2 protein chains.
Amino acid sequence: MTEAEITSSPHDERTAELLRLWLRLLGTTTAIERELAQRMRQRFGCSLARFDLMAQLAKSRDGLTMGELSRRLMVTNGNVTGLVRRLVEEGLVVRESDPDDRRLQRVRLTADGLALFGRMAVVHGRWVTELLGDLGPEERRALSALLARVKAAAMQGTDDRGTA
Amino acid sequence: MTEAEITSSPHDERTAELLRLWLRLLGTTTAIERELAQRMRQRFGCSLARFDLMAQLAKSRDGLTMGELSRRLMVTNGNVTGLVRRLVEEGLVVRESDPDDRRLQRVRLTADGLALFGRMAVVHGRWVTELLGDLGPEERRALSALLARVKAAAMQGTDDRGTA
DNA sequence: GGAGATTGCTTTACATCTAAACTACCTGCG
DNA sequence: CGCAGGTAGTTTAGATGTAAAGCAATCTCC
């Protein structure tokens with residue numbers, strides 16, 4: 001995610017204010033994500049993309065298909081193909097084709113993958129707590145509600161059908 | 001930016017709640033960013049990375065060095081090298097070495113680049129207004145303040161020194 | 001002046017991501 | 001049956017991003 005954008009041609013004040021709000025939202029999220037990515041990389045040699053994929057598999061112990069993974073991670077099929085290939089090479093996941101429908105590739109965590117994910121998840125949770133923990137219960141609730149409003153509003157007029 | 005993550009090993013309820021808050025923040029931002037990127041690409045054949053870089057140059061009519069660009073965009077030097085090279089090939093920016101310090105590469109928008117950026121900025125502003133415009137003035141102020149709190153809190157204990 | 005550190009940028013190797021074209025398989029319908 | 005069309009994945013080409021190594025110009029300090 002990149003930051004920065006325009007302040008020129010404000011046109012009207014409301015547009016300029018919304019632009020600043022968007023830049024703040026983007027900058028805040030990006031800063032946290034980069035910090036998490038950096039720590040994950042240094043501590044576990046694992047990218048957020050890999051961690052997210054493993055997290056989905058950890059929630060579905062009987063495995064997921066490639067398509068299901070790409071929907072949940074909200075990335076393209078081709079992206080999942082590459083991610084899974086590298087995780088297979090590292091011995092963290094396995095893939096096998098479904099005997100009932102040979103188009104389907106079913107992906108599961110290996111024991112190693114599950115063990116690594118478990119260790120990462122604990123530390124990841126601590127990091128998130130550290131990075132967001134200064135917010136009080138009231139602020140957390142307010143922020144959560146506002147974000148839900150923003151996402152719902154932004155999704156109108158979009159045929160994205162995100163995970164909502 | 002990828003989405004999704006863990007819900008397993010909640011450990012304690014507070015961690016789980018903060019994790020959900022983080023996922024919501026990430027998901028909301030990502031959804032808006034993807035929508036903007038898609039529209040920018042379809043309408044102008046331009047990525048957000050290019051748009052952001054041009055926006056920085058538009059704010060500094062006498063040009064910026066590569067290093068200044070990489071600091072403002074919060075990306076690595078190598079990344080800027082490639083972005084600028086492609087924009088030069090497209091005739092949207094020019095680069096020339098500084099005669100006083102031959103290490104410096106000064107980058108400026110061309111007339112074409114400035115014209116294109118102007119058109120993009122107007123439409124981009126409208127899109128942001130459309131995507132965030134459902135928020136009332138009160139909500140905008142509250143969200144902005146909460147995000148500032150989050151970023152400030154997250155930046156403590158980090159030697160990132162982001163654009164703050 | 002000049003050795004050594006620093007600064008600014010590029011290069012390299014690689015991961016991650018998209019869009020679009022392609023392949024293989026399944027399903028339904030005549 | 002047999003093929004038309006949809007579904008699941010892969011492949012390809014290319015952009016964007018990082019980290020780390022390298023190079024050249026400048027600065028520092030004696």
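Keep in mind that what you see is a predicted model, and the values were worked out from it rather than measured. In what follows, every chain begins at residue 1, and chains take the letters A, B, ... in the order their sequences are listed.
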Peer 1: Who pairs with B:Val123 by side-chain contact (heavy atoms from CB on, under 4.5 Å), at least two apart in sequence or on another chain?
Peer 2: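 Expected list: B:Arg43, B:Phe44, B:Arg126, B:Trp127.
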
Peer 1: Would you say B:Ser47 places a side-chain N or O within less than 4.0 Å of OP1 or OP2 belonging to D:dT16?
Peer 2: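 True: B:Ser47 side-chain N/O within range (under 4.0 Å) of D:dT16 OP1/OP2.
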
Peer 1: Should B:Met66 and B:Val94 be counted in the same cluster of Ile, Leu, Val, Met, Phe, Trp and Tyr side chains packed under 4.5 Å apart?
Peer 2: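 No; B:Val94 is not reachable from B:Met66 via cluster members.
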
Peer 1: Determine: side-chain N/O of B:Gln38 to OP1/OP2 of C:dT18, distance under 4.0 Å, yes or no.
Peer 2: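 Indeed not, no polar side-chain atom of B:Gln38 lies that close.
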
Peer 1: Please state how far atom CG in A:Leu48 lies from atom P in D:dG17, giving the value in whole angstrom units.
Peer 2: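 Answer to the nearest Å: 16 Å.
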
Peer 1: Can you confirm whether the side chains of A:Asp12 and A:Thr15 place a donor and an acceptor under 3.5 Å from each other?
Peer 2: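 The answer is yes; a qualifying pair exists.
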
Peer 1: Is B:Thr76 close enough to D:dA19 that one of its side-chain N or O atoms is under 4.0 Å from OP1 or OP2 there?
Peer 2: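 Answer is no, no contact under 4.0 Å.
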
Peer 1: Given C:dT10, D:dT10, C:dT18, which nucleotide is nearest the side-chain atoms of B:Met66?
Peer 2: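 Among the listed nucleotides, the one closest to the side chain of B:Met66 is C:dT10.
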
Peer 1: Can you list everything that forms a side-chain contact (heavy atoms from CB on, under 4.5 Å) with A:Asn77? Sequence neighbours excluded, please.
Peer 2: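 By the side-chain contact (heavy atoms from CB on, under 4.5 Å) rule, A:Asn77 matches A:Ser70.
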
Peer 1: Under 4.0 Å between a side-chain N/O of B:Arg106 and OP1 or OP2 of C:dG8, yes or no?
Peer 2: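 The answer is no; no side-chain N or O of B:Arg106 sits under 4.0 Å from OP1 or OP2.
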
Peer 1: Return no unless some side-chain N or O of A:Arg41 is found under 4.0 Å from OP1 or OP2 of C:dA15.
Peer 2: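 No, A:Arg41 has no side-chain N/O under 4.0 Å of OP1/OP2 on C:dA15.
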
Peer 1: Starting from C1' on C:dC9, measure out to CD on B:Glu68 and report it in whole angstrom.
Peer 2: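 Those two atoms, CD and C1', are 14 Å apart.
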
Peer 1: Rounded off to whole Å, could you give me the CD-to-P distance for the B:Glu35 and C:dT18 pair?
Peer 2: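 The answer, rounded to whole Å, is 14 Å.
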
Peer 1: Which protein N or O atoms sit under 3.5 Å from an N or O of nucleotides 11-14 of chain D?
Peer 2:
none

Peer 1: Can you tell me which nucleotide in C:dT16, D:dA8, D:dG17 comes closest to the side chain of A:Leu104?
Peer 2: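 Of C:dT16, D:dA8, D:dG17, D:dA8 is nearest to the side chain of A:Leu104.
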
Peer 1: For the pair made of CD in B:Glu96 and P in C:dC9, what is the distance, rounded to whole Å?
Peer 2: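 B:Glu96 atom CD is separated from C:dC9 atom P by 13 Å.
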
Peer 1: Between A:Thr65 and D:dG9, is there a contact of a side-chain N or O with OP1 or OP2 at under 4.0 Å?
Peer 2: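 Yes, because at least one side-chain N or O of A:Thr65 sits under 4.0 Å from OP1 or OP2 of D:dG9.
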
Peer 1: Please report the interatomic distance CG(A:Leu57) to CG(A:Leu69), rounded to the nearest 0.5 Å.
Peer 2: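 Rounded to the nearest 0.5 Å, the CG-CG separation comes to 5.0 Å.
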
Peer 1: Out of D:dT10, D:dT16, C:dT10, which has the shortest distance to the side chain of B:Ala49?
Peer 2: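 Looking only at heavy atoms from C-beta outward on B:Ala49, the closest nucleotide is D:dT16.
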
Peer 1: Is A:Arg39 paired with A:Glu35 through a side-chain N to carboxylate O contact shorter than 4.0 Å?
Peer 2: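 Yes.
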
Peer 1: Quickly work out the B:Met40 CE to D:dT16 P distance and round it to whole Å.
Peer 2: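 From B:Met40 CE to D:dT16 P: 13 Å.
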
Peer 1: Using heavy-atom distances to pick each residue's nearest nucleotide on DNA chain D, tell me which of B:Leu83 and A:Gly67 is more 5'.
Peer 2: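 The 5'-side residue here is A:Gly67.
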
Peer 1: Which one of A:Arg24, A:Arg20, A:Glu17 satisfies the side chain to side chain donor-acceptor pair (under 3.5 Å) criterion with B:Ser144?
Peer 2: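 Only one option passes, and that is A:Arg24.
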
Peer 1: What is the separation between atom CG on A:Leu69 and atom C1' on D:dT10, rounded to the nearest whole Å?
Peer 2: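 About 15 Å, once rounded to whole Å.
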
Peer 1: Atom pairs under 3.5 Å, N or O on each side, protein against nucleotides 22-28 of chain C: can you list them with distances?
Peer 2:
unit_1	atom_1	unit_2	atom_2	d
C:dC26	OP1	A:Arg102	N	3.1

Peer 1: Considering residues at least two apart in sequence or located in another chain, which fulfil the salt bridge (Lys or Arg N to Asp or Glu O under 4.0 Å) criterion with B:Arg119?
Peer 2: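 For B:Arg119, no residue satisfies salt bridge (Lys or Arg N to Asp or Glu O under 4.0 Å) once neighbours in sequence are set aside.
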
Peer 1: Please check the phosphate of D:dT16 (OP1 and OP2 only) for any side-chain N or O of B:Arg50 closer than 4.0 Å.
Peer 2: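 Yes, B:Arg50 has a side-chain N/O under 4.0 Å of OP1/OP2 on D:dT16.
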
Peer 1: Specify the separation, in whole Å, of atom CE of B:Met74 and atom P of D:dG17.
Peer 2: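 So the CE-P distance, B:Met74 to D:dG17, works out to 11 Å.
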
Peer 1: How long is the line joining CG of A:Leu87 and C1' of C:dT16, in whole Å?
Peer 2: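 Between C1' of C:dT16 and CG of A:Leu87: 12 Å.
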
Peer 1: As an exercise, state the distance from CG of B:Leu109 to NZ of B:Lys59, rounded to the nearest 0.5 Å.
Peer 2: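 Answer rounded to 0.5 Å: 12.5 Å.
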
Peer 1: Partners of B:Arg102 by salt bridge (Lys or Arg N to Asp or Glu O under 4.0 Å), sequence neighbours excluded?
Peer 2: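 So B:Arg102 forms no salt bridge (Lys or Arg N to Asp or Glu O under 4.0 Å) with any residue.
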
